[in-house]
S.K.: 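One structure coming up, written as structure tokens, with questions to follow.
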Amino acid sequence: MSRPVPKIVKARVTPILISDPPLLNVLGVHQPYTPRTIVELETDTGATGVGETYGDTEYLRVARALAEAVVGKPVTALNGLSELAYSAAQLTDDGEEFDPAGLRGRRTPEKTVRSVVSAFEVASLDALGKELGLPVHALLGGKIRDRVDYSAYLFYRWAEHPEADAPRDDWGAALDPDGVVRQAQRFADTYGFRSFKLKGGVFEPDAEIEAIKALAKAFPGMPLRLDPNGGWSVETSVRVAEELADVLEYMEDPTTGIDGMAEVRRRTGALLATNMCVTTFGEIPEAFAKDAVQVVLSDHHYWGGLTATRELAAVCRTHGVALSMHSNTHLGVSLAAMTHVASVVDNLDFACDSHRPWQTEDVVTRPHTFVDGALEVGDEPGLGIELDTDALAALHERWVRREDMHDRDDVAAMRKADPSWTQPPLPRW
Ligand code: GKR
Ligand code: MG
């Protein structure tokens, strides 16, 4: 006997600001607060679902438009979400690029739409799972692993933000190899992480080579990655690859562009991963044909959601390219979504990375805890999380107050400490 498909009767989009430490990267430093968007859906059967995505102004505009457009649609109508978002937000998929130097690769309307759709897709799957009493991984075909490995995400950082009223933590500064090793040790002791990614592109390449060598000495045999976000020329990338050939698991986006990455690969044979030069399906044919990347790091937000991540996994498998996941500043809703999709992808060949340990706040009532560097894949209905509505309201209230932080701007944040700082042209070294 068939039953009617639940329809979406309410869609709420809540912009929030979450506190973030002064983590350094090639563009500058994280602001004290990072914008995120939380999407809540409710069906006519009373099921609710939650999703999370980027929160900068343009994402928020599209999310608000899509929230109006999904009301009345079946909660299962996931394949129509993109088209609905384009028309609701009056955008076209013309491939136009508006910020080529971003840390998330090319920025286009397509990626904005996909990032927003991902939050609605995740919220729909969460609601549908709750309706059916099934976990999200079951809706994606069922988990094939009970635990998902994550790597520690190490950052050069200051002890505190320059602003007197900014949030603080007790991690201290990490600005040299000793500081990086200390930070890695705390990650290993607290969460049991057994692989480490260092965000590079901050100091001269030789200093970052020394930091990786220090990590290799402190954690012998553990997988290490270095990610300068495209901060190096081909020549510098080749030199770093040669210096660190024995200790790096892979290099992540050493340089920018498909041709540059392909040349580094040709000249060194090093394994190259990316979350910058292959970030859409349209970029895949050329990159794979030129052997520019051997590991694609999905971001389920800008690839368009959990189903799209599975499609990406299939394309990668077909071409013998590995898949894993990178992250940006995020909370427990995105972490739950990452963990569910990671549990169903067979060719997830490397530990994913997560910023989550850097966050002191969350919008879920039971924040995840990494044990032995991994998260259990739960079997509770939906994503297996519960929204903390008081926390959501407080973080939204902060968003209302702090208009100056509505867009992530690592360059502007760096200028607070160094008024002469401008966005560095990539490659920087
Ligand atoms: O938070 O500074 C940062 C990172 O650079 C972040 O933007 C991402 O993790 O996309 C980045 C990456 O993995 O390269
Ligand atoms: Mg990266």
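Computed from a predicted model, the values in this text were never measured in an experiment. Order of listing sets the numbers, starting from 1, for every ligand and every atom in it. Heavy-atom basis, side chains included; hydrogens, waters and symmetry copies ignored.
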S.K.: Between Phe370 and Phe193, does a ring pair (Phe, Tyr, Trp, His ring centres under 6.0 Å) hold up when you go through it step by step?
M.R.: CA-CA 8 Å; Phe370 294 93; Phe193 288 119; 5.2 Å; yes
S.K.: Is any side-chain N of the basic residue among Arg61 and Glu58 closer than 4.0 Å to the acidic one's carboxylate O?
M.R.: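 Yes.
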S.K.: Are Asp146 and Lys143 ion-paired here, with the side-chain N under 4.0 Å from a carboxylate O?
M.R.: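 Salt bridge present between Asp146 and Lys143.
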S.K.: Please check if the number of heavy atoms outside Arg366 that lie under 6.0 Å from its CZ is greater than 12.
M.R.: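 Not more than 12 within 6.0 Å, no.
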S.K.: Kindly identify the option in Asn328, Val202, Asp20 whose heavy atom sits closest to atom 7 (O) of ligand 1.
M.R.: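 Among Asn328, Val202, Asp20, the closest heavy atom to atom 7 (O) of ligand 1 belongs to Asn328.
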S.K.: So is His355 close enough to ligand 1, meaning a heavy atom under 4.0 angstrom away?
M.R.: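 Heavy atoms of His355 do come under 4.0 Å of ligand 1.
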S.K.: Output the atom name for the N/O/S atom of Asp227 with the smallest distance to the Mg ion (ligand 2).
M.R.: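 This turns out to be OD2.
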S.K.: Under 4.0 Å from any heavy atom of Asp227, which atoms of ligand 1 are there?
M.R.: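 Here the atoms of ligand 1 in question are 12 (C), 13 (O), 14 (O).
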S.K.: Using a 4.0 Å heavy-atom cut-off, which part of Arg225 comes near ligand 1: side chain, backbone, both, or neither?
M.R.: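 None of Arg225 does.
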S.K.: Check whether the side chains of Lys199 and Tyr153 place a donor and an acceptor atom closer than 3.5 Å, and report yes or no.
M.R.: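 Short answer, yes.
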S.K.: Measure from atom 8 (C) of ligand 1 to every heavy atom in Ser327, Gly200, Ala273, Gly28 and give the option owning the shortest one.
M.R.: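 Considering heavy atoms of Ser327, Gly200, Ala273, Gly28, the nearest to atom 8 (C) of ligand 1 sits in Ser327.
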S.K.: Under 3.5 Å, is there a donor-acceptor pair between the Thr307 and Glu121 side chains?
M.R.: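 Yes - a donor-acceptor pair under 3.5 Å links their side chains.
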S.K.: For Leu297, which part has a heavy atom under 4.0 Å from ligand 1: side chain, backbone, both, or neither?
M.R.: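 Answer for Leu297: neither.
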S.K.: Is the Mg ion (ligand 2) less than 2.8 Å from an N/O/S atom of Asn275, whether that atom is in the backbone or a side chain?
M.R.: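 Of the N, O and S atoms in Asn275, at least one lies under 2.8 Å from the Mg ion (ligand 2), which means yes.
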S.K.: Within less than 4.0 angstrom of ligand 1, does Asn229 place any heavy atom?
M.R.: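 Contact present.
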S.K.: Mind checking whether Asp253 contacts ligand 1 via backbone (N, CA, C, O), side chain (CB onward), both or neither, at a 4.0 Å heavy-atom cut-off?
M.R.: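 The answer is neither.
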S.K.: So does Asp253 have any N/O/S atom less than 2.8 Å away from the Mg ion (ligand 2)?
M.R.: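 Under 2.8 Å: Asp253 has no N, O or S contact with the Mg ion (ligand 2).
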S.K.: Are any of the side-chain nitrogens in Glu252 or Arg225 under 4.0 Å away from the carboxylate oxygens of its partner?
M.R.: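 Result for this pair is no, no salt bridge flagged.
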S.K.: Measure from atom 3 (C) of ligand 1 to every heavy atom in His30, Met325, Lys199, His326 and give the option owning the shortest one.
M.R.: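 Ranked by closest heavy atom to atom 3 (C) of ligand 1, first place is His30.
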S.K.: Run the numbers on Trp171 and Phe187 for ring pair (Phe, Tyr, Trp, His ring centres under 6.0 Å), then give the verdict.
M.R.: CA-CA 10 Å; Trp171 283 81; Phe187 269 116; 4.9 Å; yes
S.K.: For this output row, return yes or no: ring centroids of Phe281 and Trp303 closer than 6.0 angstrom.
M.R.: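 Aromatic pair counts; centres sit under 6.0 Å.
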S.K.: Report, as yes or no, whether the 6.0 Å neighbourhood of atom CD on Glu83 holds more than 12 heavy atoms from other residues, nucleotides or ligands.
M.R.: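 Not more than 12 within 6.0 Å, no.
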S.K.: With carbon and hydrogen excluded and only N/O/S kept, which atom of Glu252 is nearest the Mg ion (ligand 2)?
M.R.: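 Checking each N, O and S atom of Glu252, the shortest distance to the Mg ion (ligand 2) belongs to OE2.
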S.K.: Side chain or backbone, does Asn25 bring an N or O within less than 3.5 Å of an N or O on ligand 1?
M.R.: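 Yes, at least one N or O pair falls under 3.5 Å.
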S.K.: Between Asp353 and ligand 1, is there a nitrogen or oxygen pair with a distance under 3.5 Å?
M.R.: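 Among all N and O atoms of Asp353, none is under 3.5 Å from an N or O of ligand 1.
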S.K.: Output the list of atoms in ligand 1 that are nearer than 4.0 Å to some heavy atom of Arg408, sorted by atom number.
M.R.: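 Near Arg408, meaning under 4.0 Å from one of its heavy atoms, ligand 1 has 1 (O), 2 (O), 3 (C), 7 (O).
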S.K.: Is a donor from one side chain sitting under 3.5 angstrom from an acceptor on the other, for His355 and Ser327?
M.R.: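 Side chains of His355 and Ser327: pair found under 3.5 Å.
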S.K.: Mark the output for Asn275 as yes if a heavy-atom distance to ligand 1 is under 4.0 Å, and as no if none is.
M.R.: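 Asn275 counts as a contact of ligand 1 under the 4.0 Å cut-off.
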